[in-house]
Number of protein chains: 2
Amino acid sequence: MATIKDVAISAGVSLATVSRVVNNGPKVGEKTRQHVKKVMQELGYRPNANARALVTQKNAALGVVVAELRDPFFAMLAHGVETVARNNNVQILLSAGSIEERTELKAIETLMEYRVDAMVVHSKTLDDTTLINFAAQIPGFVLINRYIAQIANRCVWLDNVTGGRLMAEYALSQGHRQLAVISSDYHIDDPNERLEGIRQAIDAAGLKLDECMIGYASPDQEGGMQAMRNVLSASTDFSAVLAYNDAMAAGAMTLLQDRCIDVPKQVSVIGYDDVILAQYCRPKLTTLRYPIEAMAAKAAELAIHYAAGNQPQDNVTFKYTPTIVKRDSLVRR
Amino acid sequence: MATIKDVAISAGVSLATVSRVVNNGPKVGEKTRQHVKKVMQELGYRPNANARALVTQKNAALGVVVAELRDPFFAMLAHGVETVARNNNVQILLSAGSIEERTELKAIETLMEYRVDAMVVHSKTLDDTTLINFAAQIPGFVLINRYIAQIANRCVWLDNVTGGRLMAEYALSQGHRQLAVISSDYHIDDPNERLEGIRQAIDAAGLKLDECMIGYASPDQEGGMQAMRNVLSASTDFSAVLAYNDAMAAGAMTLLQDRCIDVPKQVSVIGYDDVILAQYCRPKLTTLRYPIEAMAAKAAELAIHYAAGNQPQDNVTFKYTPTIVKRDSLVRR
DNA sequence: TTGTATGCGTTATCAT
DNA sequence: ATGATAACGCATACAA
């Protein structure tokens, strides 16, 4: 593959001149510029991004760490980042790491080896200290979907407590008095936060959420069925189900329907996230919109901005609040 | 960030020795090896992947080009590649390019600038010549979801004609005599190939597929509704709908249901791809399984294998055939 | 406006 | 077993 040197020789100019042309640098005669460009064309010259990153001490790429690409949620996240990357003419270096501490760590470390200084990270398993450390080393380190007070200005996150509260309040406002909850058994903050919000709303309404009305399982369709089964075996005395996410909600609906319990006539269901599936399943899912794509875009912009040398402001953070999307799975009782 | 030089000085050894330790090279005393490792730890040393790629003339990363991450299909593709990448301890460089010629080209070019020599490319818009050219330049260039005779041994693709034939044959075998088709209006080969297979099966059964029974629209849910609407306005004389993909199938089902046409009692629907949505929508979608994840994994392995210097064999190609997945959206008539 | 020279962090070759 | 040194391709400070 042709190098800058080849171009220089072939064009009869110096390395420096070619370099200037490549980078649209100033101080180069229009005539030579055209000539050099032509030679570049002929030789099929492409700048070596590695050499460039080495000498400039910065990598133009934008690093992204996600847990699991297959999950539509992360796909949307990646897409949000991708849009911004393209607009900024920046390449994405993507590292998927599954929800395991080891691989998540490794994903970030690999990105560091490429010296990417802009990075959007989705990490649920690494502890605060580790993340704060990374932030100290990488100027454009931005967390998505997580809040850490010490680096609040690098966090783009969703207010899950409010989200939980909203979904419960909405169900209550529609006349439901007996609520069941199906939650995730992953040991991360999100389920707890959403649950806390739900409890707040129920308490505020002067009602009680019995422990046996909460089912825990993996946060997917299968888990939704499982958790729903568990709750049903304890009690059938509820008119609405609040799910941890849309996948669980869909699973719960499937199970209810399999048992000839009509959704939403007999039991209403509400999801969380508003992934594509929410529009596809029957009945269409009433859910909480998690604006992950917009958030991801924001995170990417932030990462690029910080990496460019702009100092993060103090006392800011990027909090988003979910909103109710009314569809067909929850009706007034 | 600490360099190999810093480590060498701090450890009181030469650059070469440190380099050997880093790369687990031979010929280095166990004592010094331990010592150097310790210093590396202390200094938080991380090899610079850019410098490494520069001097070795090869990038350990695996490049991936996809059209649109948000699409669950590509998400699965990416996931298949990702699994292999992780097993081979290789980083993914992902370039999403949307289905436009310009961006697809740019995606590949950017990857080339990083000198990645293993590359899994999903391209529908670039012409054969361009792709063959890339293949000539990049040892580990592998196409997924496309077949080009001249570089057959670098193609991992699906037999879409057979796929189309299978879906039609299945519908026919279930007693359906009047078939409607909703297809994609994108100008790529896939829709035509699938349509051709469908025609083959219908011809073989001694039946005819009238042009007005084919609706064209964008290959998503919205398009599925649109195409279904078009067909319905021309004729209601069909008992089964063959869709270009699951998203269109889901859209078609929605429209039918909105018009109080029961699926599958009155009209059966069959999809293509078997993305997650096929299991979520109601009724669950009978569809053709497109083993994209396995294919992507294969492509990634191939790319890494070729990039490592192994010559592609002559006279081989990697063809996959879809299989029917029977669920609830198609019933015997 | 153009050219020369230096160094970025590594690997690899050749000595020792 | 270890060290000195020359590339790798490029950007840039400095000279001309």
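Chain A is the first sequence line, chain B the second, and so forth, proteins listed ahead of strands; every chain is numbered from 1. Computed from heavy atoms alone, side chains included, the values below leave out hydrogens, waters and symmetry copies.
- What separates CD of Gln57(B) from C1' of dA7(D) is a distance of 10 Å, to the nearest Å.
- Applying the 4.0 Å criterion to OP1 and OP2 of dT2(D), one finds that Thr32(B) has a side-chain N or O inside that range.
- Rounded to a whole Å, the NZ atom of Lys5(A) is 13 Å from the P atom of dA5(C).
- Here dT11(C) presents its C1' atom at 15 Å from CG of Asn24(B), a figure rounded to the nearest Å.
- Using a 4.0 Å heavy-atom criterion, one finds that Val28(A) contacts the sugar-phosphate atoms exclusively.
- For the OP1/OP2 pair of dT10(C) and a distance below 4.0 Å, the side-chain nitrogens and oxygens of Tyr45(B) include at least one atom meeting the criterion.
- Asn59(A) has its CG atom 15 Å from the P atom of dC10(D), to the nearest Å.
- Here dA4(D) is the nucleotide among dC8(D), dG3(C), dA4(D) with the atom lying nearest to any side-chain atom of Ala16(B).
- In this structure, CG of Asp6(A) is placed 10 Å from P of dC8(D), rounded to the nearest angstrom.
- For the pair Thr17(B) and Arg115(B), both in contact range of DNA chain D, the more 5′-proximal nearest nucleotide belongs to Thr17(B).
- A sub-4.0 Å separation between OP1 or OP2 of dA11(D) and a side-chain N or O of Ser19(A) is present.
- Among the protein residues, Asn23(A) comes within range of the sugar-phosphate backbone only, with heavy atoms under 4.0 Å from sugar or phosphate atoms but none that close to a base.
- Nearest nucleotide to the side chain of Val55(B), out of dG3(D), dT11(C), dG9(D): dT11(C).
- Separating the CG atom of Leu15(B) from the P atom of dG9(C) is a distance of 11 Å, rounded to the nearest angstrom.
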Asn59(B) and Asn50(A): side-chain contact (heavy atoms from CB on, under 4.5 Å), yes or no, with the steps? CA-CA 9 Å; Asn59(B) 196 322; Asn50(A) 299 120; 3.7 Å; yes
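- In this structure, NZ in Lys124(A) is found 6.5 Å from CG in Asp189(A), a value given to the nearest 0.5 Å.
- In this structure, NZ of Lys58(A) is placed 14 Å from P of dG9(C), rounded to the nearest angstrom.
- Between the side chains of Asn145(B) and Tyr290(B), at least one donor N or O sits under 3.5 Å from an acceptor N or O.
- Whole-Å rounding puts the Ile4(B) CD1 to dC8(C) P distance at 14 Å.
- A donor-acceptor contact closer than 3.5 angstrom is absent between the side chains of Asn133(A) and Thr130(A).
- Between Arg20(B) and Ala51(B), the residue anchored nearer the 5' end of DNA chain D, judged by the nucleotide with its closest heavy atom, is Arg20(B).
- Between Thr3(B) and dG9(C), a side-chain N or O to OP1/OP2 separation shorter than 4.0 Å is absent.
- No option in Leu111(A), Asp117(A), Val121(A), Val120(A) other than Val121(A) meets the side chain to side chain contact (heavy atoms under 4.5 Å, CB included) test with Phe141(A).
- You won't find any donor-acceptor pair under 3.5 Å spanning the side chain of Arg46(A) and the base of dG9(D), going by distance alone.
- Contact record, Leu62(A) with Ala85(A): CD2-CB, 4.2 Å, taken as the closest heavy-atom pair.
- Residue contacts shown for Thr56(A) are limited to sugar-phosphate atoms, with no base heavy atom under 4.0 Å away.
- Taking only side-chain nitrogens and oxygens, Arg52(B) comes nearer than 4.0 Å to OP1 or OP2 of dT11(C).
- Backbone-only contact: Val13(A) has heavy atoms under 4.0 Å from sugar-phosphate atoms and none from a base.
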